[in-house]
Amino acid sequence: MIIHVTHNDMDGAGCSILLKSVYKNIDTFYLNYDEVDDFILNNFVHYDRIIITDVSPGEELLKHLINRLEITLIDHHISSENLKSYDFTIHETGKSATKLTYEWLLSENKNVKKFHDLVECINDYDLWLLQNKKSLKMNMLFTLFGIDRFVKRFLCNPSTVFAKEEKLLLELEEESQNKYFENSEKHIQVFTDKWGRTFGCIFAEKYNSELGNYLLQKMQLQYIFIINAQKRKVSLRSIPTVSVNDIAEANSGGGHKNAAGFSTDYDFGMKDFLKKSGVLK
């Protein structure tokens, strides 16, 4: 039995679609960066093979897994470059994890060519190339559907041609998104960091990359914190010359130079709020 651990974004979902189309005896789990080590440590004993995509465990845990089960690690984040020397690791920063998984499966003579267009679409979005006209709408569909429904949709129908019902959903959501972005300008807080760089901070629950890109340009910021209080996640986006993955890594997260993130418990904010509300001492 195979355990598949992957990131909980569209790139992670793309890896899941490819692997589920090939392996029938696979359990997939979608995680944040900071959840990976504990989850694997608590669950790997129930399996004889592990495939990790779009996230990476710490090196000490990886050493612990060696000789205990078969390992395949596929990642494209700078933070896991130290794991490239292991012979079970596929690592390349210039491609999404979905595209690396696709190429690996092709090299293993697996029948995944039917997912070519989807792979290119996800790769375009994840690397923020935006050369594929469908990639932004594909992530919008991912946001609307959620991971499980998105994976099921493309396992049933690998085509990237949107169905009539999907087109209507996307059209309505696009209208809503435009209003959401315009309203966000009223709620962002702007600061100057200790290095003199201007950055923004906003609470938001969806479209992190699109919203971040919109506000970076509109507000002429160098980077931005996008806080999803419901999911307790913080996403970071920046202009090309500013790196934010170091901020994420300092908070037990990870990601790319211009797009990274981490989790937080927000207890400090909640307790302050409850104290000011007079219900906590």
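Looking only at atom types and distance, the side chain of N82 has a donor-acceptor partner in the side chain of E59 under 3.5 Å away. Y207 and E173 share a side-chain donor-acceptor pair at under 3.5 Å. Using modelled atom types and a 3.5 Å distance limit, the side chains of E210 and Y125 yield a donor-acceptor pair.
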Steps toward side chain to side chain contact (heavy atoms under 4.5 Å, CB included) verdict (F203, H187) = CA-CA 8 Å; F203 287 87; H187 304 293; over 6 Å; no
Where do E92 and L100 land on the side chain to side chain contact (heavy atoms under 4.5 Å, CB included) test, with the steps shown first?
-> CA-CA 8 Å; E92 190 172 336; L100 291 174; 3.8 Å; yes
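For L216 against I239, the heavy-atom pair with the smallest separation is CD1-N, 4.0 Å. When all heavy atoms of D75 and S80 are compared, the pair lying nearest together is OD2-OG, 2.8 Å. Between V151 and K20, the shortest heavy-atom distance links the atoms CG1-CD, 4.0 Å. The two residues I202 and I224 come nearest to each other via the heavy atoms CG2-CD1, 4.1 Å. Heavy-atom minimum distance, G255 versus N245: O-CB, 4.0 Å.
Heavy-atom contacts from other residues, nucleotides or ligands closer than 6.0 Å to CD of Q230 number 12 or fewer. The number of heavy atoms from other shown groups lying within 6.0 Å of CD (Q189) does not exceed 12. Around the CG atom of N183, the shell of radius 6.0 Å holds more than 12 heavy atoms that belong to other residues, nucleotides or ligands. Residue R149 places its CZ atom among 12 or fewer non-hydrogen atoms of other residues, nucleotides or ligands, all under 6.0 Å distant. At most 12 heavy atoms of other shown residues, nucleotides or ligands fall within 6.0 angstrom of atom NZ in K164.
Checked against a 6.0 Å centroid threshold, the rings of F199 and F225 count as neighbours. Taking the six-membered ring wherever Trp is involved, the centroid distance between the rings of Y23 and H4 does not fall below 6.0 Å. Within the 6.0 Å centre-distance limit, the rings of H77 and H256 are counted as a close aromatic pair.
Residue Y30 holds its OH atom at 9.5 Å from SG of C15, rounded to the nearest 0.5 Å. Interatomic distance, E81 CD to S56 OG, rounded to the nearest 0.5 Å: 10.5 Å. Of the inter-residue distances, the one linking T101 atom OG1 with I17 atom CD1 reads 11.5 Å to the nearest 0.5 angstrom.
The side-chain tip of K206 points at the ring of Y180 from less than 6.0 angstrom away and within 45° of straight on.
Applying the side-chain hydrogen bond (donor to acceptor under 3.5 Å, both in side chains) test between S96 and each of D126, D54, N123 identifies N123 as the sole match.
With contacts defined as side-chain heavy-atom distances shorter than 4.5 Å, the pair S252/F262 does not qualify.
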